2 protein chains.
Amino acid sequence: MAEQRQERADAARNRRAILRAAEALLAEHGPDHVSVERVAAAAGVGKGTVFHRFGNRMGLMRALMEERANALHEAVASGPPPLGPGAPPETRLIAFLEAVVDLTTRNVGLMAANEHAIATQRHSTESRHTSPVYVFWHGHVAGLIAEARPELDAELLGHIVLGSLHTELVMGLLRRGEPERLAVCLRDLATRLLGPSPCPHAG
Amino acid sequence: MAEQRQERADAARNRRAILRAAEALLAEHGPDHVSVERVAAAAGVGKGTVFHRFGNRMGLMRALMEERANALHEAVASGPPPLGPGAPPETRLIAFLEAVVDLTTRNVGLMAANEHAIATQRHSTESRHTSPVYVFWHGHVAGLIAEARPELDAELLGHIVLGSLHTELVMGLLRRGEPERLAVCLRDLATRLLGPSPCPHAG
DNA sequence: TACGAACTTGACCGACGGTCCACTTTATGG
DNA sequence: CCATAAAGTGGACCGTCGGTCAAGTTCGTA
């Protein structure tokens with residue numbers, strides 16, 4: 001048991017170089033033009049090194065995602081309200097959705113590459129829903145929905161709400177210069193979902 | 001102008017053979033195991049023929065999608081209520097969502113292959129949102145939402161609602177033997193969205 | 001029947017994700 | 001400080017895929 005071997009210094013240096021290179025390439029090219037080999041070249045390493053570090057293309061993207069999502073993760077888990085614990089579920093949900101839309105919007109390239117990686121992998125044991133980052137997001141959203149409205153299918157609604165972060169939709173909005181719309185729309189949606197029930201049996 | 005040349009008889013025969021072969025392969029293998037070449041082989045046709053007919057992998061999938069979605073399309077456009085015209089928007093929306101969930105559920109393989117085709121294409125000028133089938137579905141949903149609740153962002157909500165048909169979610173539910181959940185959840189969602197407003201400015 | 005247009009074909013191409021193993025570098029403990 | 005084993009590295013190599021193309025074939029028609 002006890003502590004397993006530390007990552008060697010040169011390995012850590014290369015890991016950082018690879019992540020930075022991938023970051024840079026994704027910032028200026030579409031995900032389908034950022035092959036693992038190009039990332040390796042840009043990082044000044046061999047292709048084999050990248051696979052040794054990250055397992056496969058998905059592993060690389062996942063590592064990048066975790067890096068980017070880290071701040072939000074901590075803010076949600078132990079930061080001040082309304083993002084962190086303490087505020088009522090509806091408030092927290094709205095705050096989280098705004099934050100996660102913002103995060104996604106600022107990292108469309110990465111998100112696209114992540115979806116691309118999932119879609120192109122040969123043996124599809126992994127999916128978007130098994131990515132740690134997504135699992136955390138979904139757990140949080142579903143938890144808040146369940147807390148506020150136990151009678152709803154919180155798990156499913158969580159997936160649906162987070163589905164609005166799919167690259168295609170986000171990129172479309174960005175291209176049309178309307179990055180605000182999604183957050184607004186989701187705020188409305190959350191309000192209607194968690195807000196006071198509209199006298200359900202009126203009809 | 002005037003009518004362009006008819007498709008030749010042998011070409012039409014091959015087109016059908018290809019579609020049937022693709023259908024059969026998709027019914028029993030994951031989309032990533034159904035390459036264009038395999039479809040061609042199964043149809044007893046050269047690979048080039050498939051590309052000549054359908055342009056690229058996406059074209060093939062799109063043709064299959066249109067075939068499958070045709071009945072629903074007509075039912076919505078000119079069939080009897082509640083699917084067709086005549087019923088109030090909320091009723092029509094719920095009926096349409098149920099039908100489209102059912103259609104998707106019964107064709108997960110095709111849907112998966114379609115998403116796969118979109119994700120793996122090199123020059124991403126095409127997207128899910130530009131597929132004729134999706135455009136029709138979205139137009140219908142967004143139209144109904146707008147009709148019932150003009151103050152909402154119907155276009156965006158349409159995309160979000162239809163986003164719940166993504167393969168990953170649907171397949172997950174099917175694997176867990178809960179194919180009904182999605183339709184139920186969407187019915188709830190539609191009801192809450194289009195139902196009586198919960199006194200929006202209560203806070 | 002003859003002719004041009006439509007169609008078919010499969011070898012070929014470039015790119016990709018991923019593997020493999022001979023080689024180099026690092027940390028460690030005597 | 002050096003010997004040694006474990007960790008890390010690199011890039012040639014593999015199989016597969018979507019897509020192209022030029023040469024050959026078949027069909028509809030005048």
Side-chain angles (χ1 to χ4, degrees), chain A residues 2-19 21-22 25-26 29-63 113-126, chain B residues 3-18 21-22 25-26 29-63 113-126:
Chain A
E3 46 176 341
Q4 57 231 25
R5 254 320 197 288
Q6 261 271 85
E7 181 176 75
R8 255 166 55 172
D10 54 344
R13 206 181 326 125
N14 280 340
R15 147 173 270 129
R16 275 193 300 272
I18 292 167
L19 288 176
L25 286 181
L26 282 174
H29 303 89
D32 46 340
H33 291 163
V34 180
S35 66
V36 175
E37 196 155 14
R38 282 188 58 165
V39 171
V45 264
K47 183 186 188 174
T49 303
V50 179
F51 282 100
H52 182 71
R53 279 297 94 184
F54 299 99
N56 53 26
R57 187 190 163 87
M58 256 205 48
L60 173 59
M61 297 309 169
R62 170 175 302 180
N114 194 36
E115 290 176 22
H116 181 88
I118 290 171
T120 60
Q121 68 183 342
R122 290 275 171 267
H123 309 288
S124 44
T125 59
E126 308 256 5
Chain B
E3 44 176 343
Q4 56 229 27
R5 255 318 196 291
Q6 261 272 87
E7 182 175 73
R8 254 167 56 174
D10 53 344
R13 205 183 326 124
N14 280 338
R15 146 174 271 126
R16 275 192 301 271
I18 292 166
L25 286 180
L26 282 175
H29 302 91
D32 45 340
H33 291 162
V34 180
S35 67
V36 175
E37 196 154 13
R38 283 188 60 163
V39 171
V45 156
K47 181 185 188 176
T49 303
V50 180
F51 282 100
H52 182 72
R53 278 298 95 186
F54 300 98
N56 52 27
R57 186 189 165 87
M58 254 204 51
L60 173 58
M61 298 308 169
R62 171 175 302 180
N114 194 36
E115 290 176 23
H116 181 88
I118 291 171
T120 59
Q121 69 183 341
R122 287 278 171 265
H123 309 288
S124 46
T125 60
E126 309 257 4

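Everything numeric in this text was worked out from a predicted model, so none of it was measured. Chain letters run A, B, ... following the sequence lines, proteins first and then strands; every chain starts at 1. Computed over heavy atoms, backbone and side chain alike; hydrogens, waters and symmetry mates excluded.
The side chain of A:D10 lies closest to D:dT9, out of C:dG18, D:dT9, C:dT8.
Comparing A:E37 and B:G55 by the nucleotide of DNA chain D whose heavy atom lies nearest to each, the residue mapping closer to the 5' end is A:E37. Comparing A:G46 and B:R13 by the nucleotide of DNA chain D that holds the closest heavy atom to each, the one mapping nearer the 5' end is A:G46.
A:T49 has a side-chain polar atom (N or O) that falls below the 4.0 Å cut-off from OP1 or OP2 of D:dG10. Contact between the side-chain N/O atoms of B:S35 and the OP1/OP2 oxygens of D:dT16 is not found at any separation under 4.0 Å.
Here C:dA5 presents its P atom at 19 Å from CD of B:Q6, a figure rounded to the nearest Å. At whole-Å resolution of the value, NE2 in B:H116 and C1' in C:dG17 are 13 Å apart. Nucleotide D:dT20 holds its C1' atom 17 Å from the CD atom of B:Q121, rounded to whole Å. Atom CZ in B:F54 sits about 12 Å away from atom P in C:dC7, given to the nearest Å. As a whole-Å value, the separation of A:E7 CD from D:dG8 P is 6 Å. With rounding to whole Å, B:R38 atom CZ is found 13 Å from D:dC17 atom C1'. Across the protein-nucleic acid pair, B:F51 atom CZ and D:dG18 atom C1' stand 5 Å apart, rounded to whole Å. Spacing between atom NE2 of A:H52 and atom P of D:dG10 amounts to 11 Å, rounded to whole angstrom units.
Side-chain atoms of A:R8 come within donor-acceptor range of the base of D:dA7, with a qualifying N/O pair under 3.5 Å.
Within the nucleic acid shown, B:A9 comes within 4.0 Å of sugar-phosphate atoms alone, with no base atom in reach, counting heavy atoms only.
Formation of a donor-acceptor pair under 3.5 Å by the B:T120 side chain with backbone atoms of B:H116 is found in this model.
One finds the NE2 atom of B:H33 at 12.5 Å from the CG atom of B:L26 (value rounded to the nearest 0.5 Å). Rounded to the nearest 0.5 angstrom, B:R16 CZ and B:N14 CG are separated by 9.5 Å.
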>> Would A:R53 and A:E7 count as a salt bridge (Lys or Arg N to Asp or Glu O under 4.0 Å) here? Give the steps.
In response: CA-CA 10 Å; A:R53 279 297 94 184; A:E7 181 176 75; 2.6 Å; yes

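Note on B:E37 versus B:R57: no salt bridge recorded, every NZ/NE/NH1/NH2 to OD/OE distance being 4.0 Å or above.
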